[in-house]
2 protein chains.
Amino acid sequence: MPYKTSQMLDRELKKGSAELLILSLVEDQPRHGYDIGSLIEQRSKGALRFNVASLYPLLYRLEKRGWIQGRWVEKAGQRRRRYYRLTAEGKKVLAAQRDSWREFVEAINRITGLEHA
Amino acid sequence: MPYKTSQMLDRELKKGSAELLILSLVEDQPRHGYDIGSLIEQRSKGALRFNVASLYPLLYRLEKRGWIQGRWVEKAGQRRRRYYRLTAEGKKVLAAQRDSWREFVEAINRITGLEHA
DNA sequence: AAGTCTTATATGGCATAGCGATATATTATT
DNA sequence: AATAATATATCGCTATGCCATATAAGACTT
């Protein structure tokens with residue numbers, strides 16, 4: 001696998017939090033970019049917001065890596081949308097990233113004295 | 001349209017996780033850079049490691065902002081060390097960053113479905 | 001019909017954070 | 001004498017995220 005699993009702040013982890021969000025959101029059903037951006041804002045109650053200039057390039061990267069797969073959908077009465085679904089490899093990556101995230105949060109909490117948080 | 005009170009991943013948060021670590025570690029007692037780096041590695045059980053090429057510049061930034069204050073300490077039998085202590089302003093920032101961190105983690109967990117993990 | 005809002009995707013250019021690599025200097029260990 | 005560990009420092013690179021801007025189409029307002 002081209003992506004190492006244990007690096008500083010896991011290297012992947014900084015990106016990881018952003019990737020984790022997207023991979024999670026397309027886990028159960030395919031979603032398009034704008035939908036993903038809106039969901040992140042809604043579900044975080046406005047605490048997190050994804051700028052489109054980060055979001056779309058990230059989607060392209062994830063697709064290029066084969067973790068998600070997009071397809072154009074055109075319907076009458078709406079603008080064309082690109083729906084992304086999670087691939088088999090994406091599922092594995094998502095599972096690994098969830099573990100990484102958990103470990104990361106625990107480590108930070110342990111060090112900063114927030115372990116009960 | 002309500003103005004967004006928080007940037008994407010809060011802008012402060014990406015830096016935040018790194019800054020939070022350092023500010024937390026110098027909260028109770030002054031510490032020098034190498035010590036901070038070692039503590040992060042130890043207490044995270046190796047999960048987190050801070051490269052010196054990130055750590056030292058970050059210390060300089062934090063000092064420049066007035067959140068920590070460093071002073072050189074020279075003792076016989078050891079190399080010179082620069083000990084950093086948390087300033088009054090640093091304390092406020094630390095408190096705010098702890099809140100931010102908690103909010104961030106909750107938001108990610110909510111979105112990624114890790115709340116009952 | 002015109003104007004604006006919301007949806008939806010796209011990208012150039014900039015700022016900055018983190019890191020590999022490398023450097024220096026002192027003390028401890030082999 | 002050689003190597004390791006401690007301790008600080010910085011160059012140059014890459015990646016990430018953002019602002020600003022662009023395009024395009026439907027929905028709503030006047």
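Order of the sequence lines sets the chain letters (A, B, ...), proteins ahead of strands, with each chain counted from 1. Because the structure is predicted, anything quoted here is derived from the model rather than measured.
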In terms of side-chain heavy atoms of B:Tyr60, which of D:dT10, D:dA20, D:dA7 is nearest? D:dT10
Could you check how far [atom1] of [X] sits from [atom2] of [N], rounded to whole Å?
X       : N      : atom1 : atom2 : result
A:Gln42 : C:dT7  : CD    : C1'   : 13 Å
B:Leu21 : C:dA17 : CG    : P     : 15 Å
B:Lys75 : C:dA25 : NZ    : P     : 23 Å
A:Tyr56 : D:dA20 : OH    : C1'   : 16 Å
A:Glu74 : D:dG26 : CD    : P     : 11 Å
B:His32 : D:dA9  : NE2   : C1'   : 16 Å
A:Leu58 : C:dT9  : CG    : C1'   : 15 Å
A:Arg61 : C:dA10 : CZ    : P     : 14 Å

List the steps and the verdict of side-chain hydrogen bond (donor to acceptor under 3.5 Å, both in side chains) for B:Tyr83 and B:Arg81. CA-CA 6 Å; B:Tyr83 279 84; B:Arg81 296 165 168 173; 3.0 Å; yes
When A:Arg79 and B:Gln78 are each assigned the nearest nucleotide of DNA chain D, the 5'-most assignment goes to B:Gln78
Toward the 5' end of DNA chain D, which comes first, B:Trp72 or A:Pro57, by nearest nucleotide? B:Trp72
Does C:dT7 have its OP1 or OP2 closer than 4.0 Å to a side-chain nitrogen or oxygen of A:Tyr34? yes
With heavy atoms under 4.0 Å as the rule, sort A:Tyr83 into base, sugar-phosphate or nothing. nothing
Let me confirm one number: the CD1-CG distance from B:Ile108 to A:Leu48, rounded to the nearest 0.5 Å. 5.5 Å
Euclidean distance, A:Arg110 CZ relative to B:Lys45 NZ, rounded to 0.5 Å: 4.0 Å
Whether B:Thr87 side chain and B:Trp67 backbone form a donor-acceptor pair below 3.5 Å: yes
Along DNA chain C (nearest heavy atom to each residue), the more 5'-positioned of A:Arg80 and A:Ala53: A:Arg80
Smallest heavy-atom separation, B:Ala18 atom then B:Leu58 atom, equals CB-CD2, 3.8 Å
